[in-house]
Undergrad: 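Have a look at this one.
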Amino acid sequence: MKRADELTRAVEAVLFAATEPLTVDAIATHLNGATGVRAVLEELAADYAGRGIELVRRGERWQFQTAADMAHLLRRDRDEARKLSRAGIETLAIIAYHEPATRAEIEAIRGVQISKGTLDVLMEAGWIRPAGRREVPGRPLLYATTPEFLLHFGLASRRDLPGIDDLRAAGLLDPIDLAMEHAGMLDDDDVEVENGDEEA
Amino acid sequence: MKRADELTRAVEAVLFAATEPLTVDAIATHLNGATGVRAVLEELAADYAGRGIELVRRGERWQFQTAADMAHLLRRDRDEARKLSRAGIETLAIIAYHEPATRAEIEAIRGVQISKGTLDVLMEAGWIRPAGRREVPGRPLLYATTPEFLLHFGLASRRDLPGIDDLRAAGLLDPIDLAMEHAGMLDDDDVEVENGDEEA
Amino acid sequence: MDAEPATLTLELDGWEGPLDLLLALARNQKVDLKQISILALVDQYLTFVEEAKTLQLELAADYLVMAAWLAYLKSGLLLPRDPEIEPSPEELALRLQLRLERLNAMREAGARLIARDRLGRDVFLRGAPEGLRVVRKAVWQAEIYDLIAAYGRISARSRPVMHIVANRPVMTLDEALNRVSRLVGTNIAWSTIESFLPEGAVGIFRKSALASSFVAALELARQGRVELRQKSPFAPLYLKAPDAGAAA
């Protein structure tokens, strides 16, 4: 950087430490009535042009600020992976299979109320969108999935979602108690046989 | 001023906008993992040397601040009410030059007990902190300085403490028993006797 | 610090203990602390304490203790050296000098430290920094399997379900009672409970038979129609018909 004379250095320091933009007079007063402050300011503004810091004039007041094209650096987005809650994934599944669906319809299928937050999260994730209103009393809002939804779940279209028969074949429709029993029985059997061997 | 490349401008902008000193890592993270930040910092520090604003390193952190020789224009004495007592200043110096130090070591050098308030004031100022215990009978608490201490007193590191090299070379940071050994006036047996005498 | 001895008496309260006072006196000798005369220093200290007494100033006990110790040191330094006395007066004198040097060093270091250009007093940070912000953005994650499984779960929950109790291979308690009481009569020696199970019983049926036979054995034992023996928990359980005498 260019060597700076004492007045320039003083103006630089005063402006840097100031909590608000300063007029030429205010700067001069701060520097015990120094003259030539305006010229120094013009020079400094030129000096800093193209750096990460710039000296700008706002009306009659001057201030240092972060270069305008560097503003995006002051705000950094950090992605945080978060897993969808059980209510979230169920709500999404119902919309995907039944779309478009109103909130009341989703609740009827789930058998539980859904909070507003659940729909908000799905909307924030970009997976559902409002899709008009159902023309019934109260005109409730309809929800449908988005192209991002298909993209995220690797589906060419909603028709790629497995149907009820596929789900049954995959054991995903088995009542929970029976499925548990199957698993439990098998385990117990194995244990039984082993114990028997040991005792023998 | 010299034209600056984009990384230099970015580092400049981030440090300028920051409300606290930043480590090299923190800057790099903010710039989405940019490399070469350390080199840029060294360059920038050289760039700004002699201006009214300086880029300085305090411990592992970097910050812009006004040049020290501008103090006469900017000095604010608002804090004079909280002026440190002599006991406070000496205790801080002893901890800084000997760190880590126990309370008994501080008292041995000062020749008087230190009141609890003295350490509290230094701790409240954020200049000292407890730093583990010395593994001797009684396991006394150790005190050391903090990064804020370096920041406040404008030290890049503890090696920059005024006169520390001379004091160390003169043996003035060594315990008295060690100095006595050097003077050839002490056998090991004398150590016990001495401690009692010191209190006299 | 460089006050004359005359003013020292008046500023007694200003000293932080005898060592502090000694250092002030030593610095009055206006020589490097390495060169100070300990004897002269002792004299100055003792004079100071005497003056304070004359002026009837109340001296803290530690000042008097130090005075006594210094008087002892002085006599040791002046008298012909007795090699028996440990530590030697010279050693004590050196030690005192080293302590004064160290206190002095730290006092000067403290003064230099506090006189530095300090942040917020002499040196300033930017007055109005924009600040750096980190905005956390949630990236929601879910797998296709989670989605399908969730739908399966809902369907299973909401779909009308017909509950059918499966016909399971079991041995009822009555059956077990009959079987065990019949078999135990034919067996005089101790036999494991497993030996009472039907031949070739496997899987669920074997489990059921074992459980029922166990309960049956307990019931028969209660009625005094069978004796049970087990060495320790989970050890094999043995059954046998009661001795003819006892049964009668």
Side-chain angles (χ1 to χ4, degrees), chain A residues 1-22 26-37 40-56 62-80, chain B residues 1-23 25-34 36-37 40-56 62-78 154:
Chain A
M1 263 195 223
K2 209 169 74 175
R3 286 249 71 75
D5 61 30
E6 283 309 290
L7 180 57
T8 306
R9 297 183 68 226
V11 172
E12 221 173 6
V14 166
L15 273 172
F16 177 83
T19 52
E20 51 187 19
L22 298 177
I27 299 168
T29 308
H30 223 91
L31 301 179
N32 305 315
T35 54
V37 170
V40 164
L41 285 168
E42 305 282 0
E43 256 175 65
L44 272 176
D47 261 12
Y48 277 92
R51 308 271 324 185
I53 305 169
E54 56 191 20
L55 180 61
V56 295
W62 294 76
Q63 69 175 7
F64 275 118
Q65 66 177 32
T66 306
D69 65 326
M70 290 284 140
H72 66 281
L73 293 175
L74 308 189
R75 205 193 107 127
R76 183 165 59 89
D77 290 339
R78 197 172 77 194
D79 290 347
E80 271 184 359
Chain B
M1 266 196 223
K2 210 171 72 177
R3 288 246 71 77
D5 62 29
E6 282 307 291
L7 180 58
T8 305
R9 296 185 67 224
V11 171
E12 210 173 15
V14 165
L15 271 173
F16 192 71
T19 50
E20 51 187 23
L22 299 176
T23 61
D25 284 350
I27 297 168
T29 306
H30 217 87
L31 300 179
N32 299 317
V37 170
V40 165
L41 286 168
E42 307 279 0
E43 259 173 60
L44 273 175
D47 262 12
Y48 277 91
R51 307 273 323 188
I53 307 169
E54 291 177 340
L55 179 61
V56 295
W62 295 76
Q63 69 180 3
F64 276 115
Q65 62 178 35
T66 57
D69 65 333
M70 291 288 137
H72 63 287
L73 293 172
L74 306 169
R75 180 165 292 149
R76 297 172 202 159
D77 271 344
R78 290 174 307 199

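Side chains are part of it too, since the values below use all heavy atoms of this structure and drop only hydrogens, waters and symmetry mates. Labels below follow one simple rule: chain letters A, B, ... track the order of the sequence lines, proteins then strands, and each chain is numbered from 1.
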Undergrad: Hey, what's the ring geometry for A/F16 with B/F16, parallel, tilted or perpendicular (30° and 60° as the breaks)?
TA: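 Correct class here is tilted.
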Undergrad: A side-chain contact here means heavy atoms from C-beta on lying under 4.5 Å apart; do B/R51 and A/T8 qualify?
TA: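 With C-beta onward as the side chain, the pair touches.
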Undergrad: Taking all heavy atoms of A/R9 and all of B/A67, pick out the closest pair and write down the distance.
TA: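 In terms of heavy atoms, the two residues are closest at NH2-CB, 3.4 Å.
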Undergrad: Please look at A/Q65 and chain B and tell me whether the side chain, the backbone, both or neither of the residue comes under 4.5 angstrom of a heavy atom of that chain.
TA: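 The backbone, not the side chain.
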Undergrad: Testing the basics here: between A/A13 and B/G52, what is the closest heavy-atom pair and its distance to 0.1 Å?
TA: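 Result for this residue pair: CB-O, 3.6 Å.
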Undergrad: Distance check, rounded to the nearest 0.5 Å: A/T66 atom OG1 versus B/L15 atom CG?
TA: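 Going from the OG1 atom of A/T66 to the CG atom of B/L15 covers 10.5 Å.
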Undergrad: Can you name the closest pair of heavy atoms from A/M70 and B/A10 and give their distance?
TA: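 What the structure gives for the nearest pair is SD-CA, 3.7 Å.
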Undergrad: Return the CD to CG distance between B/E12 and A/L73, rounded to the nearest 0.5 Å.
TA: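 Taking CD in B/E12 and CG in A/L73, the distance rounds to 12.0 Å.
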